[in-house]
Amino acid sequence: MTATLPVAATIHFTVNGRSVSASVDGGRRLLDVLRLDLGLTGAKEGCGEGECGACAVLLDGELVNSCLVPVGQVMGGDVLTIEGLAIDGRLAPVQASFLELGGTQCGMCAPGMLLAARALLASRQPSGDPEIREAIAGNLCRCTGYTRIIESIAAVADDGTRGAAVVASAGADTLPALEVTAPLRLGPEVPLVRPGSLPDALARLAADPTLRPIAGGTDLMVQLAADPARHRPLLDLSRLDELRGIAVTHGELVVGALTSWEDLRHSAIVSGALPVLAGVASTMGAVAIRNRATVGGNCMTASPAGDLLPVLLATDAILEIAGPDGVRAVAADAFWTGYRQTAVKPGELLVAIRIPMVPGRQVRFRKVGTRRALSIAKVLVAVAWRVDEGAAEGAVRTTWRDVRVALGSVAERPIRVLRTEALLEGRTPSPALAAEAAATVQAEIVPIDDIRSTAEYRRAVAGRVLRRILLDA
Ligand code: FES
Ligand code: FES
């Protein structure tokens, strides 16, 4: 099969209000273009995996980790780096506040912290420290100066005039273009093609099935950096706006595959129709990751630890897959077929997730990780049921129906535990039943030992978490 791809394309965008034209492979990391090609070294490389925030920049006003953004996706976009934060040669108010209040020590985290603050202050007046903490989450301060950092941001937020100045400090558009030097390559890079519609994307896949689809890139860019041998040209899905959005249609909650986790988290439709989804989204990464990561990406990465997957199993979700012969629907039960394997065939794309709205259904979700936030799950548990109330011997008798119990991180793929479900089906909740269900699920799963946890720990925790969910319910 022959690919008709350019080795490099000319990519136009603006950085700090100055235009840039870069003839580089679209798969080149934005971080490398900024640091190596443009000499803007304020964005740093720390982890290279989206976990430290040292490389943070604003892309079209949103905080992103530039180590995870292929520059081809920045075409036509507007990038703000720490070098562009000052106003007319003077420190921006938030920068001055960091200096006044000791918000910076070694300075390594300052660019990410300041840009996270800028994104927050430009979007809203934070209601207090928790909102500031949330906004800077994912930016690690090795000097552990978080208290001063938060105070520095809060001081600007409390000063309406200074906050407004932050918002008004967008870069001028009359500055000379930035010069791009000959790209310094750190390793193999890949071209990226940008279809403008779903039919266009499917046609390109049909012409070259080796193209690798990329959406938010938060997982794939890490894989590419770690394993250059797996490099294949990228098929960028980010312009397929028809795959983005959330709606309730014909009794189903429909989520487009390109919907970001941050959009899922803040959707009023989700809050009304299936609030557990917003709860799942809040446990997934920091804002810079949630701005980029997509719901479809979580499904297609097919990690056993994929945060959303147990909830999709527990709610009998249906995944829509588009291909040359049209759109087909696959039940969540049949979608994840093995370790990082899905039912999507070459030439196909996941386009939407449909979740049937069931009156009276309850859904609970718990994630256990190394810490409360920003961690990969050691165990995920999702439970769904519907309550039946009937009379028996003169008293109201509550029984559970349509019980689903799904787990992540305890097998090579997300799974439902059918024996445990059968135990709970048609039963009346009680502490004894919760204990029995915990023992059943522990006997039913076969977790593995790996770098994040032991099988023994996972088995114990899965039982305890299920028991707690049942007791709370
Ligand atoms: Fe750590 Fe990008 S270098 S998030
Ligand atoms: Fe040193 Fe934050 S001030 S890493």
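Order of appearance sets the numbers: ligands from 1, and atoms from 1 within every ligand.
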About how many Å separate OG1 of Thr14 and CG of Asp60, when rounded to the nearest 0.5 Å? 8.0 Å
Quick check: does Cys55 put an N/O/S atom under 2.8 Å from atom 1 (Fe) of ligand 1? no
Is it true that atom CZ of Arg148 has more than 12 heavy atoms of other residues, nucleotides or ligands lying nearer than 6.0 Å? no
Atom 1 (Fe) of ligand 1 to nearest N/O/S of Cys67 below 2.8 Å: no
d(Arg194 CZ, Leu234 CG) to nearest 0.5 Å is 11.5 Å
Note: ligand 2 atoms sitting under 4.0 Å from heavy atoms of Gly107 are 1 (Fe), 3 (S)
Note the single closest protein heavy atom to atom 4 (S) of ligand 2, along with its residue, its atom name and the distance in Å. Arg142 N, 3.0 Å
Carefully, step by step, assess Ile321 and Phe335 under the rule side-chain contact (heavy atoms from CB on, under 4.5 Å). CA-CA 10 Å; Ile321 301 167; Phe335 187 81; 3.9 Å; yes
Between Leu253 and Ile246, which heavy-atom pair has the shortest distance, and what is it? CD1-CG2, 3.9 Å
Nearest-neighbour protein heavy atom for atom 3 (S) of ligand 2, which is reported as residue plus atom name and distance: Gln105 N, 3.3 Å
Do you see an N/O/S atom of Cys143, backbone or side chain, under 2.8 Å from atom 2 (Fe) of ligand 2? no
Presence of N, O or S from Cys47 under 2.8 Å of atom 2 (Fe) of ligand 1: no
Under 2.8 Å: N/O/S of Cys106 next to atom 2 (Fe) of ligand 2: no
